[in-house]
Structure formats: C-alpha cells, structure tokens
Protein chains: 2
Amino acid sequence: MNLPPLVQTFVLHFGEMGSRWGINRTVGQIYALLFLSKEPLNAEDIVERLGVSRSNVSMGLKELQAWNLVRLQHKPGDRRDYFATPDDIWQIVRTLVEERKKREIDPTMTLLREVLMQEPASAEERHAQERMREMHDLFELLTGWYADVQRLDTERLVQLLTLGSKVQKILEMKDRLFVVPGSKKSRRDDAKDR
Amino acid sequence: MNLPPLVQTFVLHFGEMGSRWGINRTVGQIYALLFLSKEPLNAEDIVERLGVSRSNVSMGLKELQAWNLVRLQHKPGDRRDYFATPDDIWQIVRTLVEERKKREIDPTMTLLREVLMQEPASAEERHAQERMREMHDLFELLTGWYADVQRLDTERLVQLLTLGSKVQKILEMKDRLFVVPGSKKSRRDDAKDR
DNA sequence: CTATGTTTTCAGAAATTTCTGAAATTACGG
DNA sequence: CCGTAATTTCAGAAATTTCTGAAAACATAG
C-alpha cells in the first residue's frame with residue numbers, strides 16, 4: 001500500500017468498516033481512496049496505491065457503480081476510465097440511503113405485504129402476523145418521513161437537522177397560537193389521524 | 001426447520017438480510033424467530049425450530065445479547081434461560097440505532113478527530129483532510145440530531161416523523177410571525193451558526 | 001458433595017467470500 | 001480491418017466466516 005500516512009489510516013479504517021456493512025474490504029478501501037482524492041483516479045492508479053490485483057479493482061469499481069457511489073469520467077486524449085465520488089457529501093448521503101432502502105427495506109416491505117395477506121392458520125401465526133404488521137407500519141412511517149425530507153434541498157435539510165427536537169417547541173407554540181381554546185381536537189390526535 | 005409457513009418465510013428472509021448487515025444468517029434467524037414469538041423461547045426451542053446446532057444457538061444468543069437486542073428471562077421452577085425481544089418495537093429501533101452508532105460512527109469519529117489533528121505534509125494530504133473534515137462535520141450534525149430526537153418520547157417522535165417536511169411550513173410561518181420585518185438576520189443564517 | 005441439567009467454549013470441518021492471474025472481450029486509433 | 005490498450009470475466013487459490021460435536025464449565029437441587 002503506497003499512500004500518505006494520513007490517507008492510509010483512513011483507507012484502512014474504511015476497509016475494516018466495510019465488513020460491518022455488507023461490503024468487502026477492497027470495495028471499502030477503493031471508496032475511501034476516491035473520496036479523499038482531489039483528482040479522479042483510474043484503475044491502475046488504484047492498483048498501485050492499494051496494492052491489490054487489477055481484477056480485484058475492476059470488480060470493486062463495478063460494485064461501487066452498481067451502488068451509484070462513483071461517477072465514471074474521461075479525460076481528453078486518454079481512453080482509460082477515471083472514477084470519482086461526488087464533491088457534495090450530502091449527495092453521497094442521499095445516494096447511500098436511497099440504495100440501502102432499495103436493497104433492504106423495499107424487498108422486506110414486499111415480503112411483509114405478501115405475508116400479511118395470508119390467512120393465519122393458528123393463534124401462533126396470528127400473533128406473528130400482528131408483529132409483522134407492527135414492523136410494516138413502522139417501516140411505512142420511516143420511509144414516508146424519508147420520502148418527504150429527501151425532497152428538501154440540502155440547505156433546508158441541514159436547517160431541520162440543526163433544529164432537532166427544538167421543532168417540538170415550535171409545534172407547541174403553534175398549538176397555543178392556533179388551536180381554538182376549548183376545542184376537542186388536540187394536535188396529538190391530528191398526528192395520529194394521518 | 002420446523003415452523004409455521006408464514007413464520008418460516010419471515011425467518012428465512014431475515015436470515016438472508018443478516019448478511020447485508022454485518023450479522024450472520026443464524027443470528028438473523030434467531031432474532032426473527034424471537035421477534036415473532038409470543039412467548040419467550042429457550043435455546044432448545046430455538047434449536048428445534050431452526051434445525052441448527054445447540055452451540056450455534058448459544059453463540060447467536062450471545063451475540064444478540066451483546067447487541068442488547070434480546071432480554072434474558074426466567075420462568076419460575078425452570079432453570080433454563082428464556083429469551084425475548086422487547087414488546088415495544090420503538091424500543092427495538094432505539095437500541096439498534098444506538099448500537100450501530102456505538103460500533104460504526106463513534107470509532108470513525110475518534111479516528112477522524114485524530115487524523116484532523118495532524119499536520120498535512122503535502123497538498124494531497126491537505127485536501128484529504130478537508131474531505132475528512134466534511135465527513136466529520138456531517139457526522140456531528142447527524143449524531144447531534146439523533147441525540148436530540150432520541151430523547152423524545154415515542155408519541156412525540158411519531159408525531160415529528162408523521163409531519164415530515166411539513167415542519168418546514170411551520171418554520172416559515174414562525175418566521176413570518178416573529179422575524180422583525182427589515183431585520184438583517186434571517187433564519188437561514190441562524191441555522192448555519194450552530 | 002454429588003448427580004444432573006444447562007450453557008459455554010473451542011478446535012477443526014464445512015461453507016462462503018474474497019482475491020488473483022490468465023484468458024477473453026471490448027473499444028478505439030490509425 | 002489490424003494492433004494495441006484497457007477492461008471484464010472467471011476458474012481456482014487463499015482467506016475468512018460460520019457451524020458443529022465433543023468436552024469443559026457452571027449451576028442448582030437434593
């Protein structure tokens with residue numbers, strides 16, 4: 001491995017981290033390297049810096065492309081493929097969440113919907129279905145929230161995250177201002193309706 | 001594998017899903033089984049239903065306990081250990097996020113802080129550090145948000161998630177109401193400050 | 001303390017994943 | 001077309017992870 005020490009530390013860490021996610025070491029290292037690199041790199045650059053085989057790099061890049069995590073670029077007068085990560089780190093977050101949702105949540109939701117259609121044949125199955133219903137509803141709530149905030153531009157998203165639960169305060173304030181005093185319908189019920 | 005069909009479908013799916021996370025098939029299956037079960041199960045129950053070895057179940061349960069994902073229980077007059085997942089699915093989500101943060105985000109933050117302290121020895125290292133700074137700040141924002149909403153009780157959390165980006169509307173309304181007209185300091189700046 | 005039921009540990013077998021080198025394919029310039 | 005550079009594919013080697021059975025450790029009742 002042929003890298004400035006500071007870069008190497010990070011690359012090695014991401015390689016290890018990769019295993020905790022479903023991703024292998026080399027893929028993690030390639031990604032870390034591209035993320036830190038100012039210039040796009042070609043496959044041979046990566047081979048030299050990481051000290052792994054050319055074919056391994058080829059497969060790793062293919063996987064990263066399948067995840068939409070790297071962009072393929074070309075330099076004029078050079079027919080090699082160059083790879084880079086988006087400059088905007090928020091774009092990376094969005095892609096990551098999107099792809100993980102596609103691979104993990106969506107298939108699970110499909111399965112849950114299927115199983116929830118079936119008629120339970122016993123008390124045990126009935127209870128199992130109830131649990132699956134809970135999970136289904138939870139995922140629906142979370143993906144709904146995600147679909148919603150995902151549409152925000154980054155500036156507003158950051159604003160929202162910065163506020164955190166302070167939003168709560170503002171909601172309470174809104175209530176005090178706008179709920180007709182003595183009205184039966186509180187905001188809490190509002191939230192449950194939807 | 002000795003399970004009602006409906007349960008089996010789910011258990012198998014979670015087994016496969018486990019690999020996408022850093023978790024192995026058996027651990028995923030054990031967890032799915034406990035999640036769906038009305039009654040707590042002991043190790044031998046799990047062996048029978050999943051058709052895996054006793055030692056494998058022992059190791060799987062140990063791992064799930066390390067993740068705080070199962071509770072150990074006892075029945076009067078029975079000295080075997082019984083295992084169950086929390087009834088409250090939101091508790092499960094909280095534990096999962098907490099544990100993943102502990103295992104993935106926290107060590108990465110430590111590493112980033114260390115590397116960001118060092119003096120860059122080249123333009124390449126300087127750029128790499130800038131990128132790491134971006135990642136560091138991103139994680140800080142996200143974990144800050146998390147620490148904040150994590151404190152909310154479930155009802156309020158659900159309320160917040162249900163609103164999604166509609167919170168935005170309320171924020172805008174708040175602005176219109178409370179920003180002194182003609183003031184130099186907009187809400188946007190506010191958000192950036194912290 | 002002993003007998004028995006229960007859980008844990010762990011060395012090696014089995015399965016799976018990762019990685020490589022060689023060959024095949026693709027893509028382009030001339 | 002042809003030749004060359006670049007990339008991909010893929011069979012098998014290497015490494016890693018998972019799983020098992022046997023033994024050890026632990027715990028409780030008697």
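Quick caveat, the model's predicted, so the values are computed rather than measured. Every chain is numbered from 1, with letters handed out A, B, ... down the list of sequences.
Nearest-nucleotide positions on DNA chain C place B:R79 closer to the 5' end than the other of B:R79 and A:G22. Checking A:V27 against B:E44, the closest nucleotide of DNA chain C that is more toward the 5' end is the one next to B:E44. Where A:S19 and B:V52 each meet DNA chain D at their nearest nucleotide, the meeting point lying more 5' is that of A:S19.
For the residue pair A:R131/B:T85, the side-chain donor-acceptor check at 3.5 Å is satisfied. Looking at B:T95 and B:Q91, their side chains do bring a donor and an acceptor atom within 3.5 Å of each other.
B:D45 has its CG atom 17 Å from the P atom of C:dG5, to the nearest Å. Remark: P of C:dC28 and CZ of A:R80 are 15 Å apart, rounded to the nearest angstrom. Distance, B:D78 CG to D:dA27 C1': 14 Å, rounded to whole Å. To the nearest angstrom, C1' of D:dC19 lies 16 Å from CD1 of B:I46. Protein atom CG of A:L61 is 15 Å distant from nucleotide atom C1' of C:dC19, rounded to whole Å. Rounded to whole angstrom, the span from the NE2 atom of B:H74 across to the C1' atom of D:dA29 amounts to 15 Å. Atom CD1 in A:I23 sits roughly 15 Å away from atom P in C:dT17 (whole-Å rounding). In this structure, CZ of B:F83 is placed 11 Å from C1' of C:dT6, rounded to the nearest angstrom.
When each of D:dA6, C:dT7, C:dC10 is scored by its nearest atom to the side-chain atoms of B:S55, the top-ranked nucleotide is C:dC10. Distances from the side chain of A:S58 to the nucleotides D:dT7, C:dT6, D:dT16 place D:dT7 closest. Checking C:dT8, D:dC10, C:dC10 against the side-chain heavy atoms of B:M59 singles out C:dC10 as nearest. In the set C:dC19, D:dT7, C:dT8, the nucleotide with an atom closest to the side chain of A:R25 is C:dC19.
Between B:T26 and B:M59, the closest side-chain pair of non-hydrogen atoms is not below 4.5 Å.
To the nearest 0.5 Å, the span separating NE2 on B:H13 from OG1 on B:T9 amounts to 10.5 Å. Atom CE of residue A:M17 and atom CD of residue B:E104 lie 5.5 Å apart, to the nearest 0.5 angstrom.
Taking only distance into account, the side chain of B:S53 never meets the base of D:dG21 through a donor-acceptor pair shorter than 3.5 Å.
The shortest distance between the side-chain N/O atoms of A:K62 and the OP1/OP2 oxygens of D:dT9 is below 4.0 Å. Between B:R54 and C:dT7 there is a side-chain N or O to OP1 or OP2 distance below 4.0 Å.
Within the 4.0 angstrom heavy-atom criterion, base atoms lie near B:N56. Using a 4.0 Å heavy-atom cutoff across all strands shown, A:D81 reaches sugar-phosphate atoms only and no base atom.
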